[in-house]
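Keep in mind that this is a model prediction, so the values were computed, not measured. Just so we're on the same page: letters track the sequence lines, and every chain starts at 1.
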Number of protein chains: 2
Amino acid sequence: MDPTPQQRARNPWGQGERLRGEILEAAARLLSELGGEEGLTIRGVARAAGIAPASIYQHFADKNALVHGLIEYDYERLAAAMAEADAALPAEQVVDRVRAQMHAYCQFALDSPGHYRLMLNNRPRREPGEPPKGPLGKVILGVTAAFERCEQAGHKLRLPAERSAVMVFVATHGLVALWHASPDERQLDRIEPMVSEFLSLVFA
Amino acid sequence: MDPTPQQRARNPWGQGERLRGEILEAAARLLSELGGEEGLTIRGVARAAGIAPASIYQHFADKNALVHGLIEYDYERLAAAMAEADAALPAEQVVDRVRAQMHAYCQFALDSPGHYRLMLNNRPRREPGEPPKGPLGKVILGVTAAFERCEQAGHKLRLPAERSAVMVFVATHGLVALWHASPDERQLDRIEPMVSEFLSLVFA
DNA sequence: GCAGTTACCAAACGATTGTTCAGTGACTTA
DNA sequence: TAAGTCACTGAACAATCGTTTGGTAACTGC
């Protein structure tokens, strides 16, 4: 029943900041188990981390701060996974590198539905003057760059590179969001081909 | 403060079923005001309908039954809006009729974010043997028919009609879902052009 | 008039939630 | 050894939630 039933040893003198990381890790673990934001509670995170609920408030002002800490951490994970997938392919396979990025994106979304939904449904209200994409900006930037390399390699696009990136990204989000809403094992295999189809639609 | 502060007159003898409709209407109103499922509570619906919370349980087994009643009602509204938009155009404007359906879809999603999110995030677990689309099947069916008329009129598609419909639908859902996640008035005008762009991508 | 049904409601129950506050014990500095 | 700091906790508060129970008042059929 209890994920971490044993007593936790307190951190050594002067290293209290460690607990912040442990709380984030425990919250991430819990969110993965739950598959959604609904059961993600202060008490639950505390239990998963093996600490008292009150201890969380030494590191996060309130539940919102904890959630946003999680989201930030997750965006870094996602961007890293996409960049890695991109870099893993030889430079000349320009189209495959777009596909690899989007594949990594889907993998993240399908492996961690709770994280993905939390990230995309709690995007920050944007300040006037900021770019409209929020933390997703980096993701789209990476895809845009990959599309630009396609153009330089001679592949014709039906839309400018950045617009192509936005289109493919938006469509892929629709796809994984719909799958999250009613997951179906038998449909899982259809997701990747559909992303490829989105890709082929933006190429001339 | 109170949405319906005045006392409600009880329904006449034998017409108790009326309250079921009033409850659904009150729930719909409340959901529109809230803009999300989070605050949609039995007590809130009761207050909006001007009745006691307990009275809801004479017409709905539990909160889930109430929510699913709402969802069913909303799917009918959506399908009707799309069919009407389709029929409002002359038969020969085949492409515009696809666009009109998707425009009606977006209008619904943007006018009633709470309803839209409730519908798409609470899709039923599918029984083995059922079509995989759930209540969205009818929506996609209408778009598919519109694409088939395009083909018959001589417009070339890059994918079969049904596949085109699914692609455009999925992409459009991604678009409105992202807008819901961080609404921005200045981006509102960009939604319709993007849907048109999705459409033009599936045409050869 | 009287029993029975219908349409509703007031009040409470029990569970869960975020959050606060007053500590407790271990360690460091003086 | 004494004072102070740090890491952390137990217990409670106040709010909200879905749901149940036991009614009451109005109307119908007899």
- Task: For the pair B:Glu192 and B:Arg99, find out whether any cationic side-chain nitrogen is under 4.0 Å from an anionic carboxylate oxygen.
- Result: no
- Task: Salt-bridge test for B:Arg149 and B:Asp86: reply yes if a basic N is under 4.0 Å from a carboxylate O, no otherwise.
- Result: yes
- DNA chain D: A:Gln15 or B:Asp62, which has the more 5' nearest nucleotide? A:Gln15
- Message: Is B:Asn11 close enough to C:dT6 that one of its side-chain N or O atoms is under 4.0 Å from OP1 or OP2 there?
- Response: no
- Note on the structure: In terms of heavy-atom contacts, B:Leu70 and B:Leu24 come closest through N-CD2, 3.7 Å
- Task: Rounded off to whole Å, could you give me the CD-to-P distance for the B:Glu38 and D:dT16 pair?
- Result: 16 Å
- Message: Using the side-chain heavy atoms of B:Ala54, tell me which of these nucleotides is nearest: C:dG18, D:dT20, D:dG10.
- Response: D:dT20
- Message: Quick check for you: among C:dC9, C:dG4, D:dC8, whose closest atom lies nearest to any side-chain atom of B:Trp13?
- Response: C:dG4
- Message: Does C:dA7 have its OP1 or OP2 closer than 4.0 Å to a side-chain nitrogen or oxygen of B:Ser55?
- Response: no
- Task: Round to the nearest Å and state the distance from B:Arg18 atom CZ to C:dT6 atom P.
- Result: 17 Å
- Query: D:dC6, C:dA7, C:dT19: which one has an atom nearest the side-chain heavy atoms of A:Arg10?
  - Reply: D:dC6
- Message: Tell me the interatomic distance from A:Asn64, atom CG, to C:dT17, atom C1', rounded to whole angstroms.
- Response: 15 Å
- Query: What is the distance from CZ of B:Arg8 to P of D:dA25, rounded to the nearest Å?
  - Reply: 18 Å
- Query: Quick one: A:Gln58 CD to D:dT9 P, roughly how many Å, whole number?
  - Reply: 9 Å
- With a 6.0 Å cut-off on ring centres, are B:Tyr116 and B:Tyr105 close enough? yes
- Closest to the side chain of B:Thr41, out of D:dG18, C:dT5, D:dA7, is D:dG18
- Query: Hey, what's the ring geometry for A:Phe108 with A:His115, parallel, tilted or perpendicular (30° and 60° as the breaks)?
  - Reply: perpendicular
- Atom-pair distance (CG on A:Leu19; P on D:dT9), nearest Å: 8 Å
- Among D:dT19, D:dA12, D:dT9, the one nearest A:Arg43 by side-chain distance: D:dA12
- Item | Whole-Å distance separating the OH atom of A:Tyr57 from the C1' atom of D:dT9 | 14 Å
- Nearest-Å distance for atom pair CD1/P, residues A:Ile42 and C:dT20: 10 Å
